[in-house]
*Asks:* 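Structure provided below as structure tokens; questions to follow.
Read the numbers this way: they start at 1 and go in the same order the structure lists the ligands and their atoms.
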Amino acid sequence: MNFNFFRKEINSGNASVKELVNEFFLKIDSINPKINAYTCLTKQIANSQSERIDNLISKKQPLPPLAGLPIAIKDNICTKGVVTSCSSKMLQDFVAPYESSASDNLWSSGAICLGKTNLDEFAMGSSTETSFFGTTSNPWDINRVPGGSSGGSAASVAAGLCLAAIGSDTGGSIRQPASFCGVVGLKPTYGRVSRWGLVAFASSLDQIGPITNTVSDAAEVLYSISGKDPLDSTCLNKPVPNYLSGLDNSIKGVKIGIIEECFNHPGLDPEVRESVLSGVERLRSLGAEIFEVKCPRFNDGIATYYVIAPCEASANLARYDGVKYGYRSSEDNNLIEMTSKSRAEGFGDEVQRRILIGTYALSAGYSDAYYKKAQKVRTLIRRDFDSAFNKVDVLLTPTCPTTAFLKGDYVNDPLSMYLSDLLTVPVNLAGLPAISIPCGFDKKGLPIGLQLIGNVLEEHRILNVANIFEKDAEVIKSHPKL
Ligand code: GLN
């Protein structure tokens with residue numbers, strides 16, 4: 001169900017917003033135990049938000065743009081008075097004392113908060129398997145992962161347990177799970193959306209964005225959460241265009257560049273390749289001009305990211321010491337022992353691995369060889385994109401090399417797990433906007449995603465191409481049967 005369909009239900013007057021939202025909670029109660037997408041429900045908040053909208057309706061007052069639309073929030077985004085756990089034992093009991101700017105904007109736009117969704121611990125992972133609360137299942141096949149780290153958000157949208165969900169994307173965590181779950185995921189330009197209240201993983205890469213059923217729903221959410229924020233100095237002070245207008249513009253003459261390096265990669269599943277290339281043909285038939293472009297450093301993204309992200313993470317996660325924040329071990333003989341025990345018991349394996357890699361790569365004697373070098377490659381990757389955007393308007397790749405894998409496939413093989421971010425991390429390193437849209441299914445019936453990458457602050461362009469594609473393709477009209 002998309003936003004406009006739900007609005008029709010609200011406007012029909014057959015049921016109040018409170019009743020309609022309650023239907024979502026009933027559905028969550030019956031389906032969530034099968035997929036573990038939500039870690040916490042916010043029924044009281046939803047009730048009072050719904051009553052506010054019902055009141056406006058009964059008084060025939062103008063409604064805010066997202067009035068009554070039920071939305072879920074990834075649990076690494078602070079929601080005042082509600083647990084914000086990052087799916088970690090470390091923050092299991094942490095009740096956020098303030099609201100993130102992105103979610104605050106949603107509630108002032110009239111949206112309804114259904115609850116918090118599961119993620120890989122501290123957003124580190126590609127499968128939601130590193131969550132302290134257990135894995136989320138993919139609604140298309142519950143033996144498979146939903147992707148990650150925003151797996152709970154993507155699964156809840158795909159399963160119809162909310163109309164939209166908010167995720168965070170440091171190296172692909174919105175787009176990869178959107179691709180695995182057959183929904184739309186948008187990572188905005190770095191700084192387009194405030195990071196205030198997003199628990200920091202890698203601050204120079206993190207960005208909040210929407211996961212939705214349709215491209216136009218993503219455009220609406222993006223509009224609501226974007227814009228300057230005095231609480232985040234990295235948030236851009238640039239006007240926010242109405243992303244809905246121009247969505248239906250013809251894409252005749254739009255120049256789309258196919259990144260050669262992605263399609264030649266040996267790790268790319270042939271079925272994914274074929275499906276995305278038939279998506280390219282669809283765009284051509286809709287009037288787009290297709291070009292092949294080279295981004296020679298694109299495939300170095302993964303090595304670069306897995307140095308820079310852990311370095312930033314090791315610094316950001318230093319605050320969880322059992323004193324300032326988080327779980328405290330019962331060991332209290334001395335401060336050093338207490339702190340190290342708290343961290344060893346409070347963090348899971350993957351988080352500890354990242355802290356160790358980051359601390360090592362930043363340590364004296366090594367930082368030039370690793371961190372500084374990675375920053376240099378990051379610049380080269382950005383330059384590749386710059387020169388590609390001199391020739392074309394939008395770039396295109398598959399979102400992921402494969403479709404959703406089986407639970408357990410890579411839990412003991414972190415390097416293979418990291419490879420599933422091959423096609424998404426370069427976008428974060430360059431700070432660009434990108435969207436994943438469903439473009440087909442493999443022979444197992446699993447969704448395949450196509451990624452469109454835009455130049456800085458050109459969200460409107462990728463939304464336009466994505467929307468025209470979506471309207472033409474039948475694929476998005478099917479839903480998982482749970
Ligand atoms: N899968 C990537 C990682 O584990 C990306 C995570 C993210 O975007 N939050 O780092």
Side-chain angles (χ1 to χ4, degrees), residues 73-77 86-88 117-131 135-136 145-154 165-181 185-188 190 193 195 198-211 267 301-314 316-317 347-358 361 374 378 399-402 404-405 409-411 413-436 449 451:
I73 307 288
K74 185 177 181 180
D75 204 21
N76 61 346
I77 295 174
C86 292
S87 290
S88 178
T117 54
N118 201 11
L119 63 146
D120 279 295
E121 186 179 5
F122 281 98
M124 297 174 191
S126 311
S127 64
T128 317
E129 290 171 289
T130 69
S131 167
T135 313
T136 295
V145 304
S149 63
S150 312
S153 289
I166 297 300
S168 66
D169 191 313
T170 305
S173 280
I174 290 177
R175 291 158 288 155
Q176 189 254 23
S179 169
F180 279 16
C181 292
L186 172 68
K187 175 228 169 289
Y190 183 77
V193 177
R195 290 183 296 115
L198 167 66
V199 177
F201 163 10
S203 313
S204 77
L205 302 160
D206 298 340
Q207 214 13 226
I208 291 177
I211 297 179
I302 203 84
T304 311
Y305 171 88
Y306 276 98
V307 173
I308 292 176
C311 285
E312 295 188 20
S314 71
N316 276 325
L317 271 60
F347 289 133
D349 289 350
E350 183 59 28
V351 172
Q352 294 194 37
R353 184 179 295 121
R354 307 261 179 136
I355 293 174
L356 290 172
I357 296 173
R378 182 177 189 171
T399 307
C400 305
T402 66
F405 42 88
D409 265 3
Y410 301 134
V411 258
D413 183 2
L415 290 183
S416 300
M417 183 78 88
Y418 297 169
L419 272 181
S420 88
D421 306 324
L422 179 76
L423 307 169
T424 47
V425 292
V427 172
N428 300 71
L429 291 166
L432 301 173
I435 190 167
S436 175
Q451 173 173 244

*Asks:* Using a 4.0 Å cutoff against the non-hydrogen atoms of Gly171, which atoms of ligand 1 qualify?
*Replies:*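 Taking each heavy atom of Gly171 in turn, ligand 1 has 5 (C), 7 (C), 8 (O) under 4.0 Å.
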*Asks:* Can you list the atoms of ligand 1 that are under 4.0 Å from a heavy atom of Gly125?
*Replies:*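 In order of numbering, the contacting atoms are 1 (N), 2 (C), 3 (C), 4 (O), 6 (C).
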*Asks:* Counting only N and O atoms by type, is there a donor-acceptor contact under 3.5 Å from the side chain of Thr424 to the main-chain atoms of Gly171?
*Replies:*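 At least one qualifying donor-acceptor pair exists.
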*Asks:* Out of all atoms in ligand 1, which are within 4.0 Å of some heavy atom of Asp421? Include the element for each.
*Replies:*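 Selected atoms, number and element: 1 (N), 2 (C), 3 (C).
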*Asks:* Please determine whether any non-hydrogen atom of Gly172 lies less than 4.0 Å from an atom of ligand 1.
*Replies:*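 For ligand 1, residue contact (heavy atoms, under 4.0 Å) with Gly172 is present.
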*Asks:* Has ligand 1 got any nitrogen or oxygen that is less than 3.5 angstrom from a nitrogen or oxygen of Ser168?
*Replies:*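 Not met; the criterion fails.
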*Asks:* Enumerate the atoms of ligand 1 whose separation from the nearest heavy atom of Asp169 is less than 4.0 angstrom.
*Replies:*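 Listed by number with element, the hits are 8 (O).
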*Asks:* Do Ser203 and Glu312 have side-chain N/O donor and acceptor atoms under 3.5 Å apart?
*Replies:*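 The answer is no; no qualifying pair exists.
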*Asks:* Which ligand 1 atoms does Ser149 reach within 4.0 Å, using its non-hydrogen atoms?
*Replies:*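 Here the atoms of ligand 1 in question are 9 (N).
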*Asks:* May I ask you to decide if Met124's main-chain N or O and Thr130's side chain share a donor-acceptor pair within less than 3.5 Å?
*Replies:*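 The answer is yes, because a donor-acceptor pair under 3.5 Å joins these two groups.
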*Asks:* Among all protein heavy atoms, pick the one closest to atom 10 (O) of ligand 1 and tell me residue, atom and distance.
*Replies:*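 Ranked first by proximity to atom 10 (O) of ligand 1 is Tyr305 OH, 2.6 Å.
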*Asks:* If you take all heavy atoms of Ser126 and Asp120, which pair is closest and at what distance?
*Replies:*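 The pair with the smallest heavy-atom distance is N-OD2, 3.4 Å.
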*Asks:* Nearest non-hydrogen atom to atom 3 (C) of ligand 1 belongs to which of Phe201, Tyr418, Tyr306?
*Replies:*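 Residue with the shortest heavy-atom distance to the ligand atom: Tyr306.
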*Asks:* Strictly distance-based, threshold 3.5 Å: is any side-chain N or O of Asp206 a donor or acceptor partner for the main-chain N or O of Phe201?
*Replies:*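 Confirmed, Asp206 side chain pairs with Phe201 backbone.
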*Asks:* Tell me, with the steps shown, if Tyr418 and Tyr305 meet ring pair (Phe, Tyr, Trp, His ring centres under 6.0 Å).
*Replies:* CA-CA 10 Å; Tyr418 297 169; Tyr305 171 88; 8.5 Å; no
*Asks:* Is Lys74 in polar range of ligand 1, meaning some N or O pair under 3.5 Å apart?
*Replies:*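 No.
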*Asks:* Answer side chain, backbone, both or neither: which part of Gln207 comes under 4.0 Å from ligand 1, heavy atoms only.
*Replies:*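 The answer is neither; Gln207 stays 4.0 Å or more away.
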*Asks:* Give a yes-or-no answer on whether the side chains of Ser150 and Lys74 include a donor-acceptor pair shorter than 3.5 Å.
*Replies:*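 Side chains of Ser150 and Lys74: pair found under 3.5 Å.
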*Asks:* In the protein, what heavy atom is nearest to atom 6 (C) of ligand 1, and what distance, to one decimal place, separates them?
*Replies:*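 Ranking protein heavy atoms by distance from atom 6 (C) of ligand 1, first comes Ser173 OG, 2.8 Å.
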*Asks:* For Met417 and ligand 1, answer yes if some heavy atom of the residue is under 4.0 Å from a ligand atom, otherwise no.
*Replies:*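 Heavy atoms of Met417 never come under 4.0 Å of ligand 1.
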*Asks:* Could you list which atoms of ligand 1 come closer than 4.0 Å to a heavy atom of Ala123?
*Replies:*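 What qualifies from ligand 1 is 6 (C), 7 (C), 9 (N).
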*Asks:* Looking only at atom types and distance, does a side-chain atom of Asp409 sit under 3.5 Å from a main-chain N or O of Phe405, one as donor and one as acceptor?
*Replies:*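 No; judged by distance alone, with no hydrogens or angles, the pair does not exist.
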*Asks:* Contact between Ile435 and Gln451 at the side-chain level, heavy atoms closer than 4.5 Å - yes or no?
*Replies:*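 No, every pair of side-chain atoms sits at 4.5 Å or beyond.
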